[in-house]
2 protein chains.
Amino acid sequence: MDFRARRKKAVAAAQAVGVDALMVTHLPDVRYLTGFTGSNAAVVLFGGKSVLFTDGRYTAQAKAEVAGVRVVIEKKAAAVVACGWMEEAGVRRCGFDATQTSVAALESMRRAVSGSVRRGMFVPVGALVARLREVKDSDEIAAIRAAALVGCELFDGMLGFIQPGMAEVEVAAALEYAARLRGAEGMSFETIVASGERSALPHGRATTAKLPKRGFCTLDFGVVLDGYCSDMTRTVHLGKALPGEWEVYDSVLEAQTAAVARVAPGVTAGEVDEAARSVLRQSGLDKFFSHSTGHGVGLEIHEGPRLATQQTQVLEAGMVVTIEPGVYMPGKYGMRIEDMVLVTASGGEVLTPSLKAWIEL
Amino acid sequence: MDFRARRKKAVAAAQAVGVDALMVTHLPDVRYLTGFTGSNAAVVLFGGKSVLFTDGRYTAQAKAEVAGVRVVIEKKAAAVVACGWMEEAGVRRCGFDATQTSVAALESMRRAVSGSVRRGMFVPVGALVARLREVKDSDEIAAIRAAALVGCELFDGMLGFIQPGMAEVEVAAALEYAARLRGAEGMSFETIVASGERSALPHGRATTAKLPKRGFCTLDFGVVLDGYCSDMTRTVHLGKALPGEWEVYDSVLEAQTAAVARVAPGVTAGEVDEAARSVLRQSGLDKFFSHSTGHGVGLEIHEGPRLATQQTQVLEAGMVVTIEPGVYMPGKYGMRIEDMVLVTASGGEVLTPSLKAWIEL
């Protein structure tokens, strides 16, 4: 991973908004800029220098993970130590991310510098590093591709495992076990296994409910591999479909495919969302599609851009987004189909090529 | 769970600091006060009313989980909708948790009310609900006790599984699989399996490193069961100990036992920490004990109180804390022993009774 190039971009972005230093405390941003994966850190970029502040638990780890960055180990809160260092170094205007800094944290940062420099010292610059992270570099794309493929292998493996009468949590357990054996550090979110009537819950975490003899089962899961998240959803049907079920599935699949086909640089996030929504509108199913079409994925499971109604953000090559329309009919059933899609120079590349056609188990 | 009693306590705590309403957005606090487990919510307590704000994904779930609380479903950010409601309801001073509210979130809350009421409307009241959560009620103690016992069963099961040559992640995978089958929603943090030289890393997440023929292996893990976290650590030895290894283990065990014995209502957090640290000081090992002795556990894996040097917070009956001293010798080996301890009316009760004596596998 070319951390130096990322820090250079962050410095340029900070200069563009008129601050002379940038302070980063959101841990995925810290990892993005330095490679450090500890749970307590602040990074300051100032005057060509990069400094990472953390505590004694991470002395060895910081040494192993971080290069080209000075590491400062202190017992006190990393951000507070960083502020003291900045004052000494002559920082006048320090940009910070107001979406990731608590009111209390900002107050202790302010208290960590003397009154004479405090005025005008801390400048909210928005999610500047998170915005850089939306466009993935080649190392990141390779990492995400690997994570997405592990996801596909896991789903394919589940097809030979899932059976009526099995508890949803048994499915989740087997899937997560297989993920670990394939090298995943963990899951990127709590695994969703929503079967039967529970498939109508968009966020139906796996429970002890038994898979029905006849009905839908939605699997939505992701792994974390080398720090990068995958995210995919497939909905299978146990037993023979009842009248109408296949038609609804087919509409969702058509909506999903249309949105995937719409992904390209220059297209807005809202246009991709509308591509899915308009298909469902034709069959009157759009009222059961109660969430947005997708989101960016990377070091975090939910990143920008947000693919939702009327979002004007323009897709750029290198972004990785999910495309995940669904239909949920309370008290009956529901389904969702989700791929990860890389925005390429000319269109979109699906990173999760598992079967999306109707599957009857 | 007696959510009504908890809300009553929160209202009293809010009144005691001079606000007429309390706004809660930190999700574990939301769950604590209402039972709601969705990923987007704000709760307002005002004038005898409790209102939960969330979005359309959670209509069915909120209905199923929440009682005695009015539920408002809106597309906009929950906290923003809550602020509009508060203005209409005549709230003048709304307490919020500055440690859990970002600078940007506070700004949008301020913008959500009209200029005429904005001044003095939002009052930082600290982690008021989190402080209530430090003392567990009987339902919570039962839930934590159950989670802790699952942790013990998992460790006991691992004793017949762990073998030299096995990858650390295989151990983690097997443990997490077993956790799921025992009903865990997931793990309360990324499982630590740190073997051989890696045992000297206090936070050595499981890697593909193979367990050595001879050396320590530290397992630090926790499950989430019905929303409540467990947390325990045991260090076992593979093969015959080398000279000195047993002695170091024995000092850590003695330190851990001394700190557990010190737990009682009225004792300060710092005194418990010192009980462990002073034992290690006798053998000159305190310099290798690079972290604090423990922390509270409940809906979150890290809660108050913090058991660290010179912490003056006084333990109260109903608190659940970890006691987890360790010794880490960089480049050689390390070990940690951790129990969860409930503060009782007269002392402490260990909730994780798995064997702590020297184990050679």
Side-chain angles (χ1 to χ4, degrees), chain A residues 37-39 55-61 63-64 75 96-107 122 124 126-127 167 169-187 189-191 200-208 224 290-292 302 309 328 330-331, chain B residues 37-39 55-61 64 75 96-107 122 124 126-127 167 169-187 189-191 200-208 224 290-292 302 308-309 328 330-331:
Chain A
T37 64
S39 68
D55 65 66
R57 291 172 301 170
Y58 293 113
T59 311
Q61 187 175 325
K63 210 177 200 173
K75 268 204 170 176
F96 73 98
D97 182 348
T99 68
Q100 297 292 346
T101 305
S102 76
V103 173
L106 177 59
E107 189 48 36
F122 297 104
V169 287
E170 284 179 75
V171 177
L175 189 143
E176 292 169 5
Y177 182 64
R180 271 295 205 178
L181 294 188
R182 280 179 172 75
E185 286 109 77
M187 307 308 285
F189 56 92
E190 205 175 313
T191 300
L201 299 172
H203 286 72
R205 303 157 179 151
T207 66
T208 51
V224 184
S290 50
H291 54 73
S292 57
H302 289 115
T309 307
Y328 314 94
Chain B
T37 65
S39 68
D55 64 68
R57 292 173 299 173
Y58 294 112
T59 311
Q61 187 175 324
K75 268 203 169 175
F96 74 98
D97 182 350
T99 68
Q100 297 293 346
T101 305
S102 76
V103 173
L106 177 58
E107 189 48 37
F122 297 104
V169 287
E170 284 179 76
V171 177
L175 188 143
E176 292 170 6
Y177 182 64
R180 272 293 207 180
L181 294 189
R182 278 180 173 74
E185 287 107 79
M187 307 307 287
F189 57 91
E190 205 175 313
T191 301
L201 299 173
H203 285 72
R205 301 157 181 150
T207 67
T208 52
V224 184
S290 48
H291 54 74
S292 57
H302 289 114
T309 308
Y328 314 95

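In what follows, chains carry the letters A, B, and so on, assigned in the order in which the sequence lines appear, proteins first and then strands, with residues in each chain numbered from 1.
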Taken to the nearest 0.5 Å, the spacing of Leu201(B) CG from Tyr58(A) OH works out to 10.5 Å
CD of Gln61(B) to NE2 of His203(A), rounded to nearest 0.5 Å, is 9.0 Å
Rounding to 0.5 Å, atoms CZ (Arg57(A)) and OG (Ser292(B)) come to a distance of 7.5 Å
For a 4.5 angstrom cut-off between non-hydrogen side-chain atoms, does Arg205(A) reach Thr37(B)? yes
Applying side chain to side chain donor-acceptor pair (under 3.5 Å), can you list everything that pairs with Glu170(A), at least two apart in sequence or on another chain? none
Quick one: does Arg180(A)'s side chain get under 4.5 Å of Glu176(B)'s, heavy atoms only? yes
Tell me, side chain or backbone of Pro330(A) under 4.5 Å from chain B's heavy atoms, or both, or neither? neither
Relative to chain B, which of Val224(A), Val103(A), Thr191(A) shows the most heavy atom pairs under 4.5 Å? Val103(A)
Portion of Thr99(B) that has a non-hydrogen atom of chain A nearer than 4.5 angstrom: both
Just how far is it from atom NE2 of His302(A) to atom OG of Ser39(B), taken to the nearest 0.5 Å? 7.5 Å
Would you compute the distance between atom OG1 of Thr207(B) and atom CD of Glu185(A) and round it to the nearest 0.5 angstrom? 10.5 Å
With sequence neighbours excluded, what pairs up with Tyr328(A) under the side chain to side chain donor-acceptor pair (under 3.5 Å) test? His291(A), Arg336(A)
